[in-house]
Number of protein chains: 2
Amino acid sequence: MGVLERKEREKLEIRNQILEAATELFLKEGFDKTSMRGIAEKIEYSAATIYLHFKDKNEIFKAIHDKGFEIFFGKLSESQKIENPYMRLRRMGDLYLEFAFEHREFYDLMFVMRAPVEARNADGNIDWICGMQSFKLLQATIIECMEKGYMRKMDLDVATVTISSLMHGMASFYIRERLVMYDQNVLPYLFKDAMDNIMYVFKESPMTSAFAENQN
Amino acid sequence: MGVLERKEREKLEIRNQILEAATELFLKEGFDKTSMRGIAEKIEYSAATIYLHFKDKNEIFKAIHDKGFEIFFGKLSESQKIENPYMRLRRMGDLYLEFAFEHREFYDLMFVMRAPVEARNADGNIDWICGMQSFKLLQATIIECMEKGYMRKMDLDVATVTISSLMHGMASFYIRERLVMYDQNVLPYLFKDAMDNIMYVFKESPMTSAFAENQN
DNA sequence: AAAATTACTAAACAGTGTTCATAAAAACGA
DNA sequence: TCGTTTTTATGAACACTGTTTAGTAATTTT
């Protein structure tokens with residue numbers, strides 16, 4: 001009896017069409033200007049049909065948000081080919097900002113907008129797995145840095161929050177246009193220097209650290 | 001001829017009533033749920049009347065945003081009684097987070113929301129004076145730290161962006177609920193440690209810095 | 001008192017997310 | 001194949017939103 005399976009396939013097909021249309025509109029016009037009726041028109045269904053596949057608009061954007069985290073994790077993972085964990089961590093910083101600059105709307109949805117968070121709250125279940133994947137990659141790199149002596153030993157959570165908050169602060173300041181007092185062309189260089197700066201905190205005393213030895 | 005002056009007074013009176021009503025609704029219900037009709041009802045005028053005093057909704061919130069920066073600057077200024085610029089800078093960090101925690105909605109409007117920025121973009125004129133006041137206070141403190149040897153000499157813009165981005169990253173992560181993986185009660189302590197961490201970057205080599213001498 | 005100016009608003013416009021009764025289509029049992 | 005049940009899809013409506021405009025009411029000036 002393949003009828004049930006086919007129906008499920010069709011249902012998934014429409015679901016993907018909705019997500020595809022919504023993503024396209026979202027990346028082109030932003031969240032507010034992506035309307036249910038607009039999505040419906042794109043997939044040639046009525047607006048009401050969307051509600052057979054998603055509870056509300058927030059749930060659609062929670063799904064897009066998750067997709068964004070997949071791309072984000074893929075991007076961050078590019079750093080994994082680097083052997084030295086300290087250099088790898090530094091590279092992750094660059095990749096983080098690259099993602100934010102190249103996929104502004106995605107970054108905004110993933111780290112700033114309220115919509116996906118409200119979708120989670122509605123369900124009650126905190127499935128933050130998407131973000132956790134990247135979060136754990138960062139933590140693992142930090143741990144490796146400390147274990148191999150590239151970084152002075154300190155509380156893991158403190159180190160993680162410090163690094164990720166600096167990254168997010170720069171990215172969201174930029175995306176939400178709060179650094180208008182700076183020439184937008186030099187911002188990337190300021191950000192790079194800021195990252196170098198913060199990496200410096202985590203080293204041991206400069207003259208004795210494994211990092212310093214590695215520099216020669 | 002006092003009639004013109006009286007009219008101007010009345011116009012300003014209504015303007016303030018609008019801002020007061022809008023602020024109250026905004027702090028209670030948030031941006032989206034603060035409607036023009038809601039504001040109008042509160043001040044017992046029609047919604048259309050508001051448009052005789054403000055170009056649009058964004059312009060109202062640009063004004064509230066400016067008010068928020070006044071409060072913010074007042075808060076940050078509490079640090080000025082501290083003589084030692086390094087300790088003062090550290091205190092500014094605490095005050096920054098205090099503001100963000102105590103006035104979430106204000107912080108969100110000032111540093112995250114799009115509305116006030118769009119109001120600015122519409123006018124064309126970048127009157128960022130409100131934020132600049134606080135920005136310059138931070139810069140002045142950093143400069144003083146460097147001049148008096150509490151902080152190693154480095155590019156001012158890099159130091160400013162590093163510090164403010166870390167602060168904003170923590171505050172906005174918290175306010176936009178992106179640190180749900182942590183116990184919300186321990187977050188303030190993590191943030192404090194993160195601030196201590198970053199301050200460490202800016203010191204000279206620990207054993208020779210003026211800061212270290214000041215610690216004894 | 002009449003004219004001109006200013007202040008104000010009801011109503012309309014064009015949208016929004018969401019719901020629901022109803023209609024169309026598909027699946028099923030006989 | 002026919003009728004019945006179940007699934008799927010939608011038009012229309014609801015209750016909103018920000019904003020504009022035409023027309024009214026109040027005030028000031030002449």
Side-chain angles (χ1 to χ4, degrees), chain A residues 1-19 21-22 25-26 29-64 109 113-119 121-123, chain B residues 1-19 21-22 25-26 29-64 109 113-119 121-123:
Chain A
M1 172 143 332
V3 64
L4 273 172
E5 290 150 29
R6 197 207 61 208
K7 284 213 171 186
E8 195 138 331
R9 242 188 8 251
E10 283 172 353
K11 220 173 160 71
L12 228 138
E13 167 64 23
I14 294 180
R15 199 192 130 94
N16 285 335
Q17 274 184 259
I18 293 169
L19 285 178
L25 286 172
F26 169 65
E29 313 272 11
F31 178 82
D32 283 330
K33 285 183 180 166
T34 300
S35 69
M36 300 303 264
R37 285 172 181 82
I39 299 168
E41 198 176 353
K42 232 178 160 51
I43 61 172
E44 292 174 292
Y45 277 94
S46 82
T49 301
I50 300 177
Y51 289 87
L52 301 174
H53 299 85
F54 293 92
K55 205 186 120 282
D56 53 24
K57 193 183 175 184
N58 285 341
E59 205 169 86
I60 297 177
F61 280 86
K62 173 65 167 63
I64 297 176
L109 181 64
M113 288 189 193
R114 292 230 141 97
V117 177
E118 271 159 24
N121 286 345
D123 285 27
Chain B
M1 176 156 308
V3 63
L4 274 172
E5 292 150 27
R6 196 208 60 204
K7 284 213 172 186
E8 195 137 331
R9 240 185 13 248
E10 283 174 353
K11 221 172 159 69
L12 229 137
E13 167 65 24
I14 293 181
R15 200 192 130 93
N16 286 335
Q17 274 184 260
I18 293 170
L19 284 178
L25 286 172
F26 169 64
E29 312 270 12
F31 178 82
D32 283 330
K33 285 183 181 169
T34 301
S35 70
M36 301 303 262
R37 286 173 181 82
I39 298 167
E41 198 177 354
K42 232 178 160 50
I43 60 171
E44 292 174 293
Y45 277 93
S46 82
T49 300
I50 300 177
Y51 288 88
L52 301 173
H53 299 86
F54 293 92
K55 204 185 121 283
D56 54 22
K57 193 184 175 185
N58 285 340
E59 205 169 86
I60 297 177
F61 280 87
K62 173 65 167 66
I64 298 175
L109 181 65
M113 288 189 193
R114 293 228 141 99
V117 176
E118 272 160 22
N121 287 346
D123 285 26

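Protein chains get the first letters and strands the later ones, always in sequence-line order, with residue 1 at the start of each.
Applying the ring pair (Phe, Tyr, Trp, His ring centres under 6.0 Å) test to A:Phe31 and every residue at least two apart in sequence or in another chain returns A:Phe61. Listed by chain and residue number, A:Arg6 satisfy the side chain to side chain donor-acceptor pair (under 3.5 Å) test with A:Glu10 (two or more places apart in sequence, or in another chain). A search for ring pair (Phe, Tyr, Trp, His ring centres under 6.0 Å) contacts involving A:Phe54 returns nothing, not counting sequence neighbours.
For B:Ala47 against B:Arg37, the heavy-atom pair with the smallest separation is CB-CG, 4.1 Å. Contact record, B:Lys33 with B:Glu29: CB-O, 3.6 Å, taken as the closest heavy-atom pair.
Whole-Å rounding puts the B:Glu10 CD to C:dA7 C1' distance at 10 Å. In this structure, A:Ile60 places its CD1 atom 9 Å from P of C:dG17, rounding to the nearest Å. Spacing between atom CZ of B:Phe61 and atom P of D:dT19 amounts to 11 Å, rounded to whole angstrom units. Protein atom CD1 of B:Ile18 is 12 Å distant from nucleotide atom C1' of C:dC8, rounded to whole Å.
Applying the side chain to side chain donor-acceptor pair (under 3.5 Å) test to every pair with at least one member in residues 40-51 of chain B, sequence neighbours left out, gives these pairs: B:Glu24-B:Lys42, B:Ser46-B:Thr49.
Distance check: B:Ile64 CD1 to B:Ile18 CD1 gives 10.5 Å after rounding to the nearest 0.5 Å.
For the helix from C:dA1-D:dT30 to C:dA30-D:dT1, the axis fitted to the five pairs at one end and the axis fitted to the five pairs at the other end meet at an angle of 20° (nearest 10 degrees).
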### Message
Across nucleotides 7-18 of chain D, 5' to 3', mark each nucleotide with B, S or - according to how protein heavy atoms within less than 4.0 Å reach it.
### Response
SSBBB-B---BB

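A:Ile60 is listed as a side-chain neighbour of A:Ile50, based on a closest heavy-atom distance under 4.5 Å.
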